[in-house]
Amino acid sequence: MANKMFETLKDIIQAVNKAPDLKQALNIIVQHTRQAIQVDAVSVYFRDDKTDQLVLMATDGLNPNAIGKIRFNPGQGLVGLVMNQSEPVNIQDAHTHPNYCFVTETDEASFHGFLGVPIMQHRQALGVLVVRHTSKRRFSPGDETFLITLAAQLAGAISYASRMGELTQWLDHVAGQSFHMKGLSGSPGIEIGEALIVFPPANLEAVPDNAIPAEETDAQIQAFTNAVSNVESEFKELSRRMEGTLPREELALFDVFGLMLKSDSLIDAIIYRIKAGQWAQAALRDTIADHVKQFDAMDDAYFRERAIDIKDLGRRILMHLQMQQTSTPDISGPTVLAGEEVSVSQLAEVPLENLVAIISTKGSPSSHIAILARALGIPAVMGIDDLPINRIKGQKIIVDGYSGQIYVKPTKAVLDEFNRLIKQEKSLDSQLQELITQPSETLDGIHIPLLVNTGLLADITPSLQSGAEGVGLYRTEIPFLIRDGFPGEDEQTKIYKQVLQNFSPRPVTFRTLDIGGDKALPYFPVVEDNPFLGWRGIRIMLDHPEIFLTQIRAILKANIYDNNLRLMLPMISDVGEVDESLRLIKKAHAELINEGIDVPYPAIGLMIEVPSAIYQMKALAKRVDFFSVGSNDLTQYLLAVDRNNKQVANLYNCLHPSVLSSIQHIVDVAHQYNKTVSVCGEMAGDPASALALVGMGIDSLSMSAGSLLRIKWVVRSFTQQQAKTLISQALEMEHTADIYSLFNNAIDQAGLGGLIRAGT
Ligand code: PEP
Ligand code: MG
């Protein structure tokens with residue numbers, strides 16, 4: 001594409017990104033595209049999922065009254081043809097094409113040249129972008145590329161609009177009505193609560209709307225003026241410190257900042273917005289955005305650069321505002337935590353008795369925040385990328401963690417239906433409670449111990465109450481994540497003791513620190529291009545033996561109850577790592593003995609979660625006592641699918657034939673060497689997958705406490721022989737979907753349908 005076209009495209013995309021709502025975004029697209037390729041009409045059609053029709057949503061050039069009214073059936077007209085073929089249709093004279101259909105409302109008769117491209121996402125056409133010309137015209141390959149690129153860029157932003165139901169709801173929502181959106185199921189269950197928005201500090205774009213009552217206006221204005229004078233003094237101080245270091249011209253920048261801060265247009269506009277009812281942070285956000293737009297639109301490169309300074313200034317004022325206004329949110333009822341990327345520390349800030357669900361615009365079901373939601377037994381919906389996060393504060397939200405849907409400001413009918421489902425769910429739960437004291441045995445008497453995954457001290461109680469036979473995975477990094485610095489040996493020992501004591505005499509498997517990937521410690525930043533393939537887990541520990549040894553000593557010292565400790569190493573990809581870890585563990589143990597602390601040497605196991613370990617099972621089996629399959633990472637690495645990337649979440653599947661045959665191999669080799677194998681990834685808590693694992697001969701399963709009784713129901717409803725027959729059929733299958741159906745049908749037929757969907 002010619003450079004100029006590329007620049008134009010970039011400008012359009014930037015303008016679209018800044019548009020306050022979808023309607024205006026579409027208007028920008030049609031207007032700018034019309035100018036950019038000099039055509040007589042540009043229009044956008046979306047597919048209405050309910051009717052499968054293509055609906056005209058925006059136009060520049062056609063009759064605007066036809067918006068929402070013109071509908072094409074699949075394959076109907078040239079627009080329908082583009083949709084059906086999922087490829088561009090470029091026709092010099094539309095009238096001569098067999099698919100041409102004349103539509104009066106849009107005055108089609110006056111147009112001849114036609115170029116339509118599909119708006120594609122995830123192999124699906126969400127809609128069609130069309131340009132038309134009154135005279136006959138064959139559009140150039142450059143025009144085609146331009147439209148294809150634009151359509152591809154837009155697909156993500158308008159994906160929700162492909163489902164007309166959602167689009168209608170979105171538009172209704174803008175008018176203050178209820179709407180619903182779809183993301184990915186992160187943790188099962190249904191809950192209703194009020195949205196509490198969490199947002200990263202000093203990020204203007206993340207500031208949510210917050211209307212204030214008139215009596216708060218003065219306080220907000222005061223907070224704002226305080227923030228401005230703090231920033232002023234900050235600049236003065238910076239400028240003073242830099243004197244003599246920076247050249248004079250650069251120092252002048254601080255004067256520019258000072259002038260900007262005093263500028264009436266900025267200050268007055270913010271105060272005006274506060275007086276109109278916004279809180280100071282959002283008033284600042286909108287005013288800065290206005291100024292940035294103005295500077296961005298300037299032809300002069302120098303002034304365009306000033307947009308960056310304005311943003312910087314805005315961020316500084318925001319930081320000071322946030323410092324004054326950090327008040328603990330007022331949480332009294334059931335709360336749905338919502339954010340762009342909800343972090344573990346934000347989760348820990350909400351009293352657990354109020355936290356009922358989590359929704360996040362980013363992330364996927366295998367993100368750690370979703371895993372934590374499962375640990376806490378609350379529903380989570382991830383990856384709702386179109387969620388208008390700054391408009392839902394305080395709104396009532398239904399979170400359906402089974403289907404991955406949320407309903408904002410639900411209507412009475414929707415609320416009634418979900419309350420009915422919640423009641424059914426509660427009755428299923430109380431039915432399941434009866435299983436607490438029952439053994440986890442298959443119908444033919446094979447005992448499959450069910451263990452829990454924990455990490456937060458807060459989830460020990462539900463874990464104990466679930467009737468778990470022990471802890472199969474204690475994620476030690478979680479206590480590290482919610483602190484401001486590395487906990488010392490004594491502090492760690494205290495935490496580990498609590499866990500060992502609470503569960504004794506049941507075994508507790510402590511996994512050594514597994515940071516890196518998406519678990520960065522705020523006080524130990526690791527910045528990498530590919531964090532999941534980088535410095536992670538045991539790799540960091542072996543490079544920092546001082547941190548590793550402190551932790552091992554703390555864990556060994558905590559083992560004073562019934563010798564119920566087991567130690568497990570994560571992310572093993574090579575036998576060398578095992579040898580080095582064992583050397584350090586022996587060293588820590590010997591040190592303690594020398595210090596007169598007589599603790600036993602624990603059973604040591606490995607996580608099998610990196611594909612290379614699968615093929616070194618024999619060598620590994622000779623070195624350790626047990627194995628546990630980390631199916632979350634194993635799936636990610638085997639399938640080359642980032643566990644946190646929503647874009648490829650449909651490819652992430654632990655019932656993929658390759659994952660299944662790998663686990664079967666792991667179990668077989670471990671058993672040859674008389675070593676036990678557990679699964680502690682999320683797979684163990686999924687009913688269909690758990691049934692598959694029982695068929696493979698797994699020795700135990702470790703999962704979130706919330707899943708335990710459900711899985712016990714599965715174990716108790718089948719013979720191991722039945723599970724074996726199913727897995728041998730599954731291992732012959734080529735498609736993941738067929739494997740899912742095989743196991744889910746078996747679960748349904750056994751009368752356990754309530755485990756895989758809401759309601760019974
Ligand atoms: C796993 O990878 O399956 C696992 C249990 O570890 P984590 O999810 O903490 O990476
Ligand atoms: Mg892992």
- Message: I'd like to know if the side chain of Lys712 reaches the main chain of Ile436, judged simply by a donor and an acceptor atom lying under 3.5 Å from each other, with no hydrogens or angles considered.
- Response: yes

Pair up each side-chain donor or acceptor in residues 596-605 with any protein partner under 3.5 Å, not counting sequence neighbours, and list the distances.
none

- Task: Could you go through the side chain to side chain donor-acceptor pair (under 3.5 Å) check for Ser504 and Asp562 one step at a time?
- Result: CA-CA 6 Å; Ser504 108; Asp562 289 282; 2.7 Å; yes

- Task: Can you see which heavy atom on Gly186 is nearest to which on Ala370, and at what distance?
- Result: O-CB, 3.7 Å

- Minimum heavy-atom distance Asn453-Gly472, with the two atoms named: OD1-C, 4.5 Å

- Quick one: do Glu682 and Arg374 make a salt bridge, cutoff under 4.0 Å? yes

- Non-hydrogen atoms of Met382 and Pro365 that approach each other most closely: CG-N, 4.2 Å

- Message: Quick one, Leu639 and Val659 - any side-chain contact, counting heavy atoms below 4.5 Å?
- Response: yes

- Message: Under a 3.5 Å distance rule, please check whether Glu441 uses its side chain to pair with a backbone N or O of His447 as donor and acceptor.
- Response: no

Hey, can you pull the donor-acceptor pairs under 3.5 Å for the side chains in residues 567-574, sequence neighbours left out?
{"unit_1": "Ser573", "atom_1": "OG", "unit_2": "Glu577", "atom_2": "OE1", "d": "3.4"}
{"unit_1": "Ser573", "atom_1": "OG", "unit_2": "Glu577", "atom_2": "OE2", "d": "3.4"}
{"unit_1": "Asp574", "atom_1": "OD2", "unit_2": "Gly576", "atom_2": "N", "d": "2.7"}

- Query: Is Arg553 salt-bridged to Glu489, going by a charged N under 4.0 Å from an acidic O?
  - Reply: yes

- Message: Can a donor-acceptor pair be found, under 3.5 Å and without considering hydrogens, that links the side chain of Thr550 to the backbone of Glu546?
- Response: yes

- Message: Taking the basic N atoms (NZ, or NE/NH1/NH2) and the acidic carboxylate oxygens, is any pair closer than 4.0 Å for Arg710 and Asp429?
- Response: yes

- Message: Between Asp579 and Arg623 (salt bridge meaning N to carboxylate O under 4.0 Å), is one present in this structure?
- Response: yes

- Distance, nearest 0.5 Å, that separates NE2 of His589 from CG of Leu582: 13.5 Å

- Query: Quick check: does any side chain N or O of Asn644 sit under 3.5 Å from a backbone N or O of Gly363, one acting as donor and the other as acceptor?
  - Reply: no

- Item | Donor-acceptor contact present, side-chain Asn502 to main-chain Leu464, <3.5 Å | no

- Given side-chain contact (heavy atoms from CB on, under 4.5 Å), test Ile547 with Met541 step by step and report yes or no. CA-CA 7 Å; Ile547 303 175; Met541 289 302 97; 4.1 Å; yes

- Residues Glu491 and Lys494 bridged, charged N to O under 4.0 Å: no

- Item | Main-chain N/O of Val677 paired with Asp699 side-chain donor or acceptor, under 3.5 Å | yes

- How are the rings of Trp535 and Phe524 set relative to one another: parallel (under 30°), tilted (30 to 60°) or perpendicular (over 60°)? parallel

- Any Phe480 side-chain heavy atom under 4.5 Å of Gln551 side chain: yes

- Note on the structure: Ala688 and Leu655 have their tightest heavy-atom pair at CB-CD1, 4.2 Å

- Query: So which of Val356, Asn354, Leu355 actually passes side chain to side chain contact (heavy atoms under 4.5 Å, CB included) with Pro334?
  - Reply: Val356

- Task: Answer yes or no: does atom OH of Tyr615 have more than 12 heavy-atom neighbours from other residues, nucleotides or ligands under 6.0 Å?
- Result: no

- Item | Whether Tyr474 side chain and Gly455 backbone form a donor-acceptor pair below 3.5 Å | yes

- Task: Could you tell me whether Arg643 and Asp633 make a salt bridge, using a distance below 4.0 angstrom between a side-chain N and a carboxylate O?
- Result: yes

- Taking every non-hydrogen atom, the tightest pair across Leu701 and Ala690: CD1-CB, 4.1 Å

- Specify the closest pair of heavy atoms between Arg566 and Pro507, including all atoms of both residues, with the distance to one decimal. CD-CB, 3.8 Å

